[in-house]
Number of protein chains: 2
Amino acid sequence: MSELEKQCCPIHNLFSFIGKKWILLIIKSISEGCMCFSDIEKKLEWINPRILSSRLKELEDFGFVSSHTKENTKNKTIYCLTEKWMSFSQNLDSLMKWTKKWM
Amino acid sequence: MSELEKQCCPIHNLFSFIGKKWILLIIKSISEGCMCFSDIEKKLEWINPRILSSRLKELEDFGFVSSHTKENTKNKTIYCLTEKWMSFSQNLDSLMKWTKKWM
DNA sequence: CGGTATCCTATGGGATACTG
DNA sequence: CAGTATCCCATAGGATACCG
């Protein structure tokens, strides 16, 4: 990998991940409070369950979402945002200001 | 479009655009100084000319790159970064710090 | 309810050859 | 040199049906 690529790679990975379809909408949904699968499905009326399932896994792998399966409640899994996302989201304010001015 | 989508859309557009393959590498190349097509091609050794051409157009449409065709020099077009990119790039420092800590 | 499986199409983008 | 044209394949993701 060239020097150029080394410099760009982490930012590219970050942007291409967050830029994926549904990712931000899913995060925004969960940001209103931890949610189970069908809650998110309802919020994002047109999402395909296959896509939602795979996005949630990707979000977990990336570290922006954590999932917890509640005992006793027959497989009820809830999804929450992580510290990693909270930390990242601090960058969003200035980015949103930028988009308002330039996009 | 739902309220949720309205909130996320500009950021999504921004991230999905910058997250595209080659976009950051092209920008990084040009950031060393305005360049013509073949200069960028040489820097990014493995890029397909069809892709480079289309990415440069997208970058122009997005407003991150401007192109100027020099008279007298038979179709020599040079590509430069714009104010819009310069303004955006001010957000990159904190993002890079974030990636160093979290990715 | 909380997902998986299957199918299908559209788009992305690489390889290569070509043009003014 | 500065792209464009053609072809081709892999992946993304929507539709729908199904399962424990």
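Residue numbers start from 1 in every chain, and the chains themselves are labelled A, B, ... in the order their sequence lines are given, proteins ahead of strands.
- Rounding to the nearest 0.5 Å gives a distance of 6.0 Å between CZ of Phe15(B) and CD1 of Ile11(B).
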Show me, pair by pair, the donor-acceptor contacts under 3.5 angstrom made by side chains of residues 27-41 of chain A, not counting sequence neighbours?
from: Lys28(A); atom 1: NZ; to: Gln7(B); atom 2: OE1; distance (Å): 3.2
from: Ser29(A); atom 1: OG; to: Leu25(A); atom 2: O; distance (Å): 2.8
from: Ser31(A); atom 1: OG; to: Lys28(A); atom 2: O; distance (Å): 2.6
from: Glu32(A); atom 1: OE1; to: Lys43(A); atom 2: NZ; distance (Å): 2.9
from: Asp39(A); atom 1: OD2; to: Cys36(A); atom 2: N; distance (Å): 3.4

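- Axis angle across the helix from dC1(C)-dG20(D) to dG20(C)-dC1(D), with five pairs used at each end and values rounded to 10°: 40°.
- Put simply, the side chain of Tyr79(A) does not reach to within 4.5 Å of the side chain of Ile26(A), judged on heavy atoms.
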Listing, residues 96-103 of chain A side-chain donor-acceptor contacts under 3.5 Å, not counting sequence neighbours, or none:
from: Trp98(A); atom 1: NE1; to: Ser87(B); atom 2: OG; distance (Å): 2.9
from: Thr99(A); atom 1: OG1; to: Met96(A); atom 2: O; distance (Å): 2.8
from: Trp102(A); atom 1: NE1; to: Ser87(B); atom 2: OG; distance (Å): 3.0

Mark up nucleotides 13-18 of chain C, 5' to 3', with B wherever a protein heavy atom is under 4.0 angstrom from a base atom, S wherever such an atom reaches only the sugar-phosphate, and - elsewhere. BBBB--

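- The number of heavy atoms from other shown groups lying within 6.0 Å of CD (Glu5(B)) is above 12.
- Within the model, atoms CG of Leu24(B) and CG of Leu14(A) stand 10.0 Å from one another, a figure rounded to the nearest 0.5 Å.
- Where DNA chain D meets chain A (any atom under 4.0 Å from a heavy atom), the bounding nucleotides read 5' to 3' are dG13(D) to dT16(D).
- Heavy atoms only, all atoms of each residue included: Ser16(A) and Gly19(B) are closest at CB-O, 3.3 Å.
- Glu45(B) places no side-chain N or O within donor-acceptor distance of the main-chain N or O of Lys42(B), the cut-off being under 3.5 Å.
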Throw together a table of side-chain donor-acceptor distances under 3.5 angstrom for residues 56-65 of chain A, partners on residues two or more places apart or in other chains.
from: Lys57(A); atom 1: NZ; to: Ser53(A); atom 2: OG; distance (Å): 3.4
from: Glu58(A); atom 1: OE1; to: Lys20(A); atom 2: NZ; distance (Å): 2.5
from: Glu58(A); atom 1: OE2; to: Arg55(A); atom 2: NH1; distance (Å): 2.7
from: Glu60(A); atom 1: OE1; to: Ser67(A); atom 2: OG; distance (Å): 3.1
from: Glu60(A); atom 1: OE2; to: Ser67(A); atom 2: OG; distance (Å): 3.2

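- Atoms CG and OG, from Leu95(B) and Ser89(B) in turn, are 11.0 Å apart once rounded to the nearest 0.5 Å.
- Looking at Ile78(A) and Thr69(A), their side chains never come closer than 4.5 Å, going by heavy atoms from C-beta outward.
- To the nearest 0.5 Å, atom CG of residue Leu92(B) and atom CH2 of residue Trp85(B) are 5.0 Å apart.
- Residues of residues 2-11 of chain A that place a heavy atom closer than 4.0 Å to DNA chain C do not occur.
- The phosphate of dT4(C) (OP1 or OP2) has a side-chain N or O of Ser53(A) nearer than 4.0 angstrom.
- Between the CD atom in Glu83(B) and the OG atom in Ser66(B) there is a gap of 10.0 Å [rounded to 0.5 Å].
- Residues from residues 29-44 of chain A placing a heavy atom under 4.0 Å of any atom in DNA chain C, listed by number, are Cys36(A), Phe37(A), Ser38(A).
- Between dT4(C) and Lys57(A), a contact under 4.0 Å exists linking OP1 or OP2 to a side-chain N or O.
- Put simply, Tyr79(A) has no side-chain N or O that comes within less than 4.0 Å of OP1 or OP2 on dG2(C).
- For the atom pair CZ (Arg50(B)) and CG (Leu52(B)), the distance works out to 11.5 Å, reported to the nearest 0.5 Å.
- Residues passing the side-chain contact (heavy atoms from CB on, under 4.5 Å) test with Ser94(B), sequence neighbours excluded: Asn91(A).
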